[in-house]
Number of protein chains: 2
Amino acid sequence: MYSLDHLTMFVESAKSGSFSACARKLGKVQSAISQGIAHLETDMNKQLFDRSTRKPSLTEDGKRLLVYAEAVLRQSQELHSVVQAIDRMEEPLIKLAVENALLVPKFSQILQTFSKRFPATAIEVISMTSTDVLDDIMNHQAQLGLMFTHHSFSEDVELCYIGNLPFYPVCAHHHPLAQAQHIKVNELIAHKQIMLRGAKGEATHWLPKISADIWWANSFSSIYKLVEQGIGWSYLPGHLADERLSFGRLTRLPFSIDHKDWSPSIELITPKNIVKGPALSWLYEAMKELLD
Amino acid sequence: MYSLDHLTMFVESAKSGSFSACARKLGKVQSAISQGIAHLETDMNKQLFDRSTRKPSLTEDGKRLLVYAEAVLRQSQELHSVVQAIDRMEEPLIKLAVENALLVPKFSQILQTFSKRFPATAIEVISMTSTDVLDDIMNHQAQLGLMFTHHSFSEDVELCYIGNLPFYPVCAHHHPLAQAQHIKVNELIAHKQIMLRGAKGEATHWLPKISADIWWANSFSSIYKLVEQGIGWSYLPGHLADERLSFGRLTRLPFSIDHKDWSPSIELITPKNIVKGPALSWLYEAMKELLD
DNA sequence: AGTTACTATCAGGAATAGTGATATGTATAG
DNA sequence: CTATACATATCACTATTCCTGATAGTAACT
């Protein structure tokens, strides 16, 4: 079992190429380093530095072992950073309940930044339908939720409106509707519409039911597959539709101009009276900008 | 900078749930552990164990920090195992030059086993054409090579025949030849054949040139693409052909039965007089079974 | 050759870790 | 409830390790 102090001397000496410089940096005397390294070398029974020259240079063995020594120190730093994170009362785990449709690119960006800022806090993303999001927050299964606005208020949750998510009507490029120039809403009635419905069979209230003939699916990826095969048309969230329009497999339905995009409003929710640690506070503020 | 000894005490005490048991396991007295853990706790300014009960149990902070402490110790073990690997004179790096066609599934299996057996030895796989393999071995760019038999001998390399790699003639399932029941070789002449040729333009000598009209490609994946599109037919190594036959995109050419599979012979080569350390020796022996 | 900056070595002192004895606390069984 | 077995905390003492400061030797540079 090598001592971390000795490993630090090893790594620092290798980096600065001098025992004296290392001593200065570590706030010790030169002989301490010299002895420390010598000690490490006898412990390992390996020569780490070649002292024949003015500045000690790594031997082959030294080069090979250096990267492993650095890895040990990195882990040790990691441990210490978690200790400090606890001092700052950063949470060990944040559960995030997210409406399926809201996994926009910026969402991952925010989590990316978060993981750099709070390496000691784990994130659990649970994607589900909006009604389940509300349940999870009320039962304290999750600390933060993202969902479509739900107009039944509750005393237990705190809501924050953060913007709207545009939906486009789309169909496959070989679907009959794809040829039309202008489509009035009543022309749609004859074509099958695909809609989202959760596991419990609850329909989504935040998108209009237009056609007479409806098929249901429980995720946007299944909706996409049905639409792609020309089964019917559907509303898809802008960010999902865009990437699929660019593949050329989908066509945006040319609704008549007086028909605006549907843009259901989105809310960020937390349980009321929850104590927000630094990590949760940061994430809460960051998520407010999700749709900007 | 926490001491590795203290971290060991922490982890071992957590695992056995008792300071005394930990002391026995680490060959120290109980009070040493008690003091050691207490010391670590003041260093971290965290309570790691709850002593209110008979056996000390981890606090929340303790649980959270335990996994990081274990990670530090794992890295430290890793370092020590590399030290021991050097003692056993295991090589730091082995370069492996492999003919493109020989990346059979068992090849990765062998490397997988190798990486468990010799975690301190890195492998560099360089895939190329057989003639380049020979060059690399002669120039000591690689320590081990796999290639098709080359009949010009050289004093500098040591050869070991290890078996044969069968090639099938294949075409796309919509290619005219795919319909035929029996094909005699002279019927092939009229159809384009795709063949492999290295960067320097050297043709492969280990597969027959049958058709009059030849196109060249420099890798099996390009050959596959040309064949798949029905440009022509080609020989493909059995393992690559099989997985593509099973996708149903390729058809094996029904040659008349008197026409046997082409199975060029394969050799394992090393530079002559090279000192084989334990890792290279192991790999050499393992590769002998590559085609069994 | 002289100067500078480096490393190795050594002895003594400082800091740290380990020991063994003791007191105390907690489950379990009779 | 009490006896027993097993744990942990504390303490003074010892052993070990580590650091310091001084000295001497050596490679590079002027």
Side-chain angles (χ1 to χ4, degrees), chain A residues 1-59 61-63 65-66 69 72-73 76 79-80, chain B residues 1-59 61-63 65-66 69 72-73 76 79-80:
Chain A
M1 181 120 311
Y2 317 108
S3 125
L4 287 179
D5 290 315
H6 289 166
L7 293 181
T8 310
M9 293 175 185
F10 173 31
V11 170
E12 187 53 47
S13 296
K15 196 169 5 179
S16 53
S18 147
F19 293 173
S20 305
C22 169
R24 285 190 289 273
K25 209 168 250 177
L26 300 184
K28 317 211 160 173
V29 200
Q30 171 267 327
S31 64
I33 309 298
S34 183
Q35 286 175 124
I37 299 259
H39 196 149
L40 185 61
E41 287 180 322
T42 61
D43 279 358
M44 290 180 163
N45 194 29
K46 299 268 159 312
Q47 185 158 355
L48 298 173
F49 289 94
D50 176 15
R51 276 98 157 171
S52 71
T53 159
R54 180 177 173 78
K55 301 202 145 192
S57 60
L58 284 171
T59 61
D61 287 351
K63 276 182 211 156
L65 290 169
L66 178 62
V72 176
L73 294 180
S76 156
L79 170 61
H80 189 232
Chain B
M1 180 119 313
Y2 317 108
S3 125
L4 288 179
D5 289 313
H6 288 165
L7 294 181
T8 309
M9 294 176 185
F10 173 29
V11 170
E12 186 53 47
S13 296
K15 195 170 1 175
S16 52
S18 147
F19 293 175
S20 305
C22 170
R24 284 190 289 274
K25 210 167 248 179
L26 300 184
K28 318 210 162 176
V29 255
Q30 170 267 328
S31 64
I33 309 298
S34 183
Q35 285 175 122
I37 300 258
H39 196 149
L40 184 61
E41 287 181 322
T42 60
D43 279 359
M44 290 180 165
N45 194 29
K46 297 272 161 310
Q47 186 159 355
L48 298 174
F49 289 94
D50 176 13
R51 275 95 156 173
S52 70
T53 160
R54 179 178 174 75
K55 301 202 145 195
S57 60
L58 285 170
T59 61
D61 286 352
K63 277 182 210 156
L65 290 169
L66 178 62
V72 177
L73 294 181
S76 155
L79 170 61
H80 188 234

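Here is the naming used below: chain letters follow the sequence lines, and residue numbers restart at 1 for every chain. Worth saying up front: this structure is predicted, and the values here are computed from it rather than measured.
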Within this structure, what is the [atom1]-[atom2] distance for the pair [X] and [Y], rounded to the nearest 0.5 Å?
X	Y	atom1	atom2	result
A:His80	A:Leu73	NE2	CG	13.5 Å
A:Thr59	A:Phe49	OG1	CZ	8.5 Å
B:Leu58	B:Lys15	CG	NZ	12.5 Å
A:Lys55	A:Ser16	NZ	OG	7.5 Å
A:Leu66	A:Asp61	CG	CG	12.5 Å
B:Ser57	B:Lys63	OG	NZ	8.0 Å

Give me, pair by pair, the N or O atoms of the protein and of nucleotides 11-18 of chain D that are less than 3.5 Å apart, along with how far apart they are.
unit_1 : atom_1 : unit_2  : atom_2 : d
D:dC18 : OP2    : A:His39 : ND1    : 3.2

### Message
Students often get this wrong, so: under 4.0 angstrom with heavy atoms, is B:Ser18 touching a base, only sugar-phosphate, or nothing?
### Response
sugar-phosphate
### Message
Can you pull out the residues from residues 50-57 of chain A that lie within a 4.0 Å heavy-atom distance of DNA chain C?
### Response
A:Arg51, A:Arg54, A:Pro56
### Summary
At a 4.0 Å cut-off to heavy atoms of chain A, the contacted part of DNA chain C spans C:dA5 to C:dA11
### Message
Over the length of the helix from C:dA1-D:dT30 to C:dG30-D:dC1, how much do the five-pair end axes diverge, rounded to 10 degrees?
### Response
30°
### Query
A:Gln30 CD to D:dA24 P: how many Å, rounded?
15 Å
Side-chain polar contacts of residues 25-39 of chain B - donor-acceptor pairs under 3.5 angstrom, sequence neighbours left out - could you list them?
unit_1  : atom_1 : unit_2  : atom_2 : d
B:Gln35 : NE2    : B:Ser31 : O      : 3.3

### Task
Say whether A:Asp50 and A:Ser52, considering side chains only, have a donor N or O and an acceptor N or O under 3.5 Å apart.
yes
### Nearest atoms (heavy-atom pairs only) where B:Ser18 meets B:Ala21
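Taking B:Ser18 first and B:Ala21 second, the nearest heavy atoms are OG-N, 3.0 Å.
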Listing, residues 2-11 of chain A side-chain donor-acceptor contacts under 3.5 Å, not counting sequence neighbours, or none:
unit_1 : atom_1 : unit_2 : atom_2 : d
A:Ser3 : OG     : A:Asp5 : N      : 3.0
A:Ser3 : OG     : A:His6 : N      : 3.2
A:Thr8 : OG1    : A:Leu4 : O      : 2.6

